[in-house]
Amino acid sequence: MTDTVALNGRATLWMLGVTLPVAVIVTQLVAAAGRPDDGGDTGPGAWFGQLMSAAAWAVLFDLVAALFVLVAAFVSLPLTYGLGRALQRVRSPWVHVVATAALAGSLAALPLLFVGETPLDFAVPVPLAAGAAGALARSGQLRRTTTAVQRRDASAPA
């Protein structure tokens with residue numbers, strides 16, 4: 001269970017520190033590019049303004065989402081533990097990474113089913129960021145485990 005708690009903790013840090021802000025910024029820039037031209041400035045300064053606006057929105061979004069992400073990490077502990085138990089005999093690290101990403105993204109998208117009409121700038125970045133955070137955390141956990149086993153084997157007497 002300590003591995004599960006560590007995995008969820010790392011995924012939470014990845015989500016709040018990297019994947020959610022990046023997903024929000026990308027979503028905002030894509031949405032801005034798809035809006036019809038309002039006759040305003042379309043030069044390089046306009047994109048810089050859009051980028052700064054998206055970055056500010058990402059910081060605000062991250063601050064508001066922090067409580068929900070922490071609660072979700074706690075609530076998902078039994079499912080993450082169950083997935084780990086189910087994948088114990090699977091040797092491929094890619095299967096572990098993809099399964100963890102799918103679980104995290106699906107769990108993040110689940111509450112959106114009950115909201116009704118969800119704005120696009122919320123419905124897209126949250127599940128994508130959660131899946132990416134889960135994949136990054138699981139990949140790092142597998143890398144650390146593999147490195148520790150290799151060191152142990154290298155230091156064992158022949």
Side-chain angles (χ1 to χ4, degrees), residues 1-84 87 93-147:
M1 188 67 161
T2 57
D3 285 343
T4 303
V5 172
L7 176 64
N8 275 17
R10 276 192 222 81
T12 300
L13 292 175
W14 271 111
M15 182 152 174
L16 290 174
V18 178
T19 62
L20 187 59
V22 168
V24 168
I25 289 172
V26 169
T27 303
Q28 290 298 310
L29 291 177
V30 169
R35 286 189 203 116
D37 187 17
D38 61 358
D41 184 19
T42 57
W47 277 104
F48 182 74
Q50 288 291 338
L51 181 61
M52 290 298 105
S53 174
W57 176 242
V59 169
L60 178 66
F61 197 98
D62 210 32
L63 290 173
V64 171
L67 178 63
F68 296 103
V69 170
L70 292 172
V71 169
F74 180 74
V75 169
S76 70
L77 279 172
L79 294 170
T80 306
Y81 179 75
L83 179 65
L87 293 175
W94 291 108
V95 173
H96 287 263
V97 171
V98 169
T100 304
L103 176 67
S106 300
L107 289 176
L110 198 59
L112 300 177
L113 295 174
F114 303 106
V115 174
E117 214 171 297
T118 308
L120 189 61
D121 24 348
F122 182 74
V124 172
V126 173
L128 288 176
L136 288 166
R138 185 66 174 136
S139 176
Q141 185 183 42
L142 291 172
R143 189 174 352 100
R144 277 186 291 285
T145 303
T146 303
T147 305

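Position 1 is the first residue of the sequence; numbering continues from there. Computed from a predicted structure; not experimentally measured.
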Checklist entry - Are side-chain heavy atoms of Val59 and Val24 found at a separation under 4.5 Å? => result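 With C-beta onward as the side chain, the pair stays apart.
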Next on the checklist: Is any side-chain heavy atom of Val126 closer than 4.5 Å to one of Phe61?
Outcome noted: yes
Partners meeting side-chain contact (heavy atoms from CB on, under 4.5 Å) with [X] (sequence neighbours left out):
X     : answer
Val98 : none
Ala99 : Leu83, Leu87
Val26 : Val22, Val30

What are the two closest non-hydrogen atoms of [X] and [Y], and how far apart are they?
X      : Y      : answer
Ala58  : Pro21  : CB-O, 3.7 Å
Ala104 : Ala130 : CB-O, 3.3 Å
Leu107 : Pro111 : O-CD, 3.2 Å
Ala137 : Ala11  : CB-N, 3.5 Å
Thr12  : Leu70  : CG2-CD2, 3.7 Å

Determine which pairs satisfy side-chain hydrogen bond (donor to acceptor under 3.5 Å, both in side chains) with at least one residue from [range], sequence neighbours left out, and list them in order.
range            : answer
residues 68-78   : Asn8-Ser76
residues 102-112 : none
residues 13-23   : none

Next on the checklist: Could you go through Leu51 and Ile25, starting from their C-alpha distance and side-chain angles, then the distance that decides it, and tell me whether this counts as side chain to side chain contact (heavy atoms under 4.5 Å, CB included)?
Outcome noted: CA-CA 7 Å; Leu51 181 61; Ile25 289 172; 4.2 Å; yes
Checklist entry - Out of curiosity, Asp3 CG to Thr80 OG1, how far, rounded to the nearest 0.5 Å? => result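 One gets 12.0 Å once the value is rounded to the nearest 0.5 Å.
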Checklist entry - What is the distance from atom CE of Met15 to atom CG of Leu136, rounded to the nearest 0.5 Å? => result 12.0 Å
